[in-house]
Amino acid sequence: MIEGLNVIVCIKQVPETTEVEFDEETGRLKREGIDSVVNPFDEYAVEEGLSMRERFGGRVKVLSMGPPQAESALRETIAMGCDEAWLATDRAFAGADTWATSLTLGLCVQKMAPYDIIICGLKTTDGDTGQVGPEMAQHLGIPHICYVNKILDVSEGRVRLTRMLDDGVETLEAPLPIVITVTKEINQPRLATLRGRLSARKAEIKQITSKDVDATPSQLGLDGSPTRVVKIFTPTPPAGGELVQGSPDELADKILEKLVECKVI
Ligand SMILES: Cc1cc2nc3c(=O)[nH]c(=O)nc-3n(C[C@H](O)[C@H](O)[C@H](O)COP(=O)(O)OP(=O)(O)OC[C@H]3O[C@@H](n4cnc5c(N)ncnc54)[C@H](O)[C@@H]3O)c2cc1C
């Protein structure tokens with residue numbers, strides 16, 4: 001058994017829609033008029049943090065980087081039962097790609113120490129890269145395991161878990177501290193209680209600004225982002241296709257003809 005686990009859950013506030021629209025000129029998301037919610041994948045991360053606290057004791061802190069309105073997403077996680085919420089918010093953090101985002105989150109995690117397990121969602125419903133968790137582990141110099149679908153045990157400074165692969169399930173063991181990203185199969189997120197909602201209203205949201213992290217301005221936000229959105233567009237759907245009819249032999253001949261015509265074979 002362990003004394004108690006220090007869990008940090010990373011959550012992102014995202015638009016409440018999967019139909020994300022882009023401004024083709026700036027390459028940025030159109031957020032106007034769309035409500036924001038906790039990234040659905042991150043609810044599983046929060047739930048896993050809470051259930052780990054129930055199994056092993058300890059504390060669950062939540063971290064988000066975003067504009068001041070991301071506070072409401074953090075309050076939602078307090079309502080679910082998390083102990084503390086931290087918001088990294090500063091103009092200097094704006095325009096970050098996944099590299100600068102994960103660096104900033106890693107620096108925040110160091111400020112929030114101690115930490116044993118950092119839990120991220122598998123991916124977000126807007127950016128959808130799935131890069132932030134593994135990149136953060138790299139910045140922190142600690143291991144990471146993605147696609148985790150079950151925590152088997154935590155003891156003697158190690159975690160045993162399973163993760164989903166395309167062709168099966170793998171059981172792994174790794175030393176703490178570690179970053180994991182979790183799948184939707186790992187649990188069923190709980191709903192916030194009325195008492196939770198009441199305490200969430202009054203909860204202090206701890207703020208982290210660029211002055212609080214050990215980084216130069218050139219490492220943060222747009223300046224610290226090596227990637228640039230050169231062009232963004234919605235691909236045109238492919239043309240309707242052609243319906244061919246006939247006996248199996250005739251169909252085979254027609255398909256062969258098409259493949260030769262299209263220089264596929
Ligand atoms: C090439 C490129 C350029 C970009 N340029 C810009 C830009 O100019 N301006 C801009 O605003 N955005 C920009 N973005 C979007 C920005 O990189 C993402 O919002 C951010 O890095 C998170 O990436 P993601 O949504 O793909 O997260 P994923 O990697 O899919 O998220 C995985 C998990 O990481 C955690 N996580 C992710 N983001 C956060 C967060 N902010 N706080 C806490 N936890 C988090 C969550 O647990 C989440 O489930 C750009 C993205 C790319 C790929």
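Order of appearance sets the numbers: ligands from 1, and atoms from 1 within every ligand. Just so it is clear, the structure is predicted and the values come from calculations on it, not from any experiment.
Within the 4.5 Å cutoff, no side-chain heavy atoms of Arg201 are placed close to those of Arg75. Taking the side chain as every heavy atom from C-beta outward, Leu107 and Leu105 never approach each other to under 4.5 Å. In this structure the side chain of Asp212 reaches within 4.5 angstrom of the side chain of Lys111, judged on heavy atoms. At a threshold of 4.5 Å between non-hydrogen side-chain atoms, the residues Ile180 and Ile151 count as touching. Residues Leu63 and Ile11 are not in side-chain contact: their nearest non-hydrogen atoms beyond the backbone lie 4.5 Å or more apart. Considering only heavy atoms from C-beta on, Cys120 stays 4.5 Å or farther from His144 through its side chain. Looking at Glu261 and Leu256, their side chains never come closer than 4.5 Å, going by heavy atoms from C-beta outward. Between Pro177 and Ile117, the closest side-chain pair of non-hydrogen atoms is not below 4.5 Å.
At a 3.5 angstrom cut-off on N or O pairs, Gly133 does not count as close to ligand 1. Taking only nitrogen or oxygen atoms, main chain and side chain alike, Gly121 reaches within less than 3.5 Å of ligand 1. By the 3.5 Å distance cut-off applied to N or O atoms, Cys10 is counted among the residues near ligand 1. Considering backbone and side-chain N/O atoms, Leu105 never comes within less than 3.5 Å of an N/O atom of ligand 1. Inclusion of Thr98 in the set of residues having an N or O under 3.5 Å from an N or O of ligand 1 is warranted. Every N/O-N/O distance between Arg228 and ligand 1 stays at or above 3.5 Å. By the 3.5 Å distance cut-off applied to N or O atoms, Val229 is not counted among the residues near ligand 1.
Each of Asp42, Asp126, Asn39 was checked for a side-chain hydrogen bond (donor to acceptor under 3.5 Å, both in side chains) with Lys12, and the lone residue meeting it is Asp126.
Across the listed options Ile119, Thr101, Asn39, Thr101 owns the non-hydrogen atom lying nearest to atom 20 (C) of ligand 1. Heavy-atom proximity to atom 25 (O) of ligand 1, evaluated over Thr124, Leu87, Leu63, Thr181, is greatest for Thr124.
Side chain to side chain, Thr89 and Gln207 fail the donor-acceptor criterion of an N or O pair below 3.5 Å. Using modelled atom types, one finds a donor on one side chain and an acceptor on the other under 3.5 Å when comparing Asp90 with Ser210. Checked by atom type, the side-chain pair Ser225/Thr227 shows no donor-acceptor distance below 3.5 Å.
Considering every non-hydrogen atom in both Pro226 and Gly224, the closest pair reads CD-O, 3.3 Å.
Heavy atoms of Ile11 found under 4.0 angstrom from ligand 1 belong exclusively to the backbone. The parts of Thr129 lying near ligand 1 are both backbone and side chain, judged by heavy-atom distances below 4.0 Å. With a heavy-atom cut-off of 4.0 Å, Asp42 touches ligand 1 through its side chain alone. Of all the heavy atoms of Val132, the ones lying under 4.0 Å from any atom of ligand 1 are found in both the backbone and the side chain. Neither the backbone nor the side chain of Val14 has any atom closer than 4.0 Å to an atom of ligand 1 (non-hydrogen atoms only). By the criterion of a heavy-atom distance under 4.0 Å, neither the backbone nor the side chain of Ser102 is placed next to ligand 1.
Residue Gln131 has at least one heavy-atom neighbour below 4.0 Å for each of these atoms of ligand 1: 29 (O). Close approach of ligand 1 to Thr227 is summarised as follows: ligand atoms under 4.0 Å from at least one heavy atom of the residue are 1 (C), 2 (C). Less than 4.0 angstrom separates some heavy atom of Met65 from each of these atoms of ligand 1: 40 (C), 41 (N), 42 (N), 43 (C). Close approach to Asp126 involves these atoms of ligand 1, each under 4.0 Å from a residue heavy atom: 25 (O).
Glu43 has no carboxylate O lying under 4.0 Å from a charged side-chain N of Arg190, or vice versa, which leaves the two without a salt bridge. A salt bridge is absent between Glu185 and Lys150: the closest approach of a Lys/Arg side-chain nitrogen to an acidic carboxylate oxygen does not fall below 4.0 angstrom.
Ranking protein heavy atoms by distance to atom 12 (N) of ligand 1, first place goes to Ala96 O, 3.5 Å. Here the protein heavy atom with the shortest distance to atom 8 (O) of ligand 1 is Gly95 O, 3.5 Å. In terms of protein heavy-atom proximity, atom 39 (C) of ligand 1 is closest to Lys12 CB, 3.7 Å. Annotation: atom 51 (C) of ligand 1 to nearest protein heavy atom, Asp97 CA, 4.3 Å.
At least one heavy atom of Ser64 sits less than 4.0 Å from an atom of ligand 1. The closest approach between any non-hydrogen atom of Gly130 and ligand 1 is below 4.0 Å.
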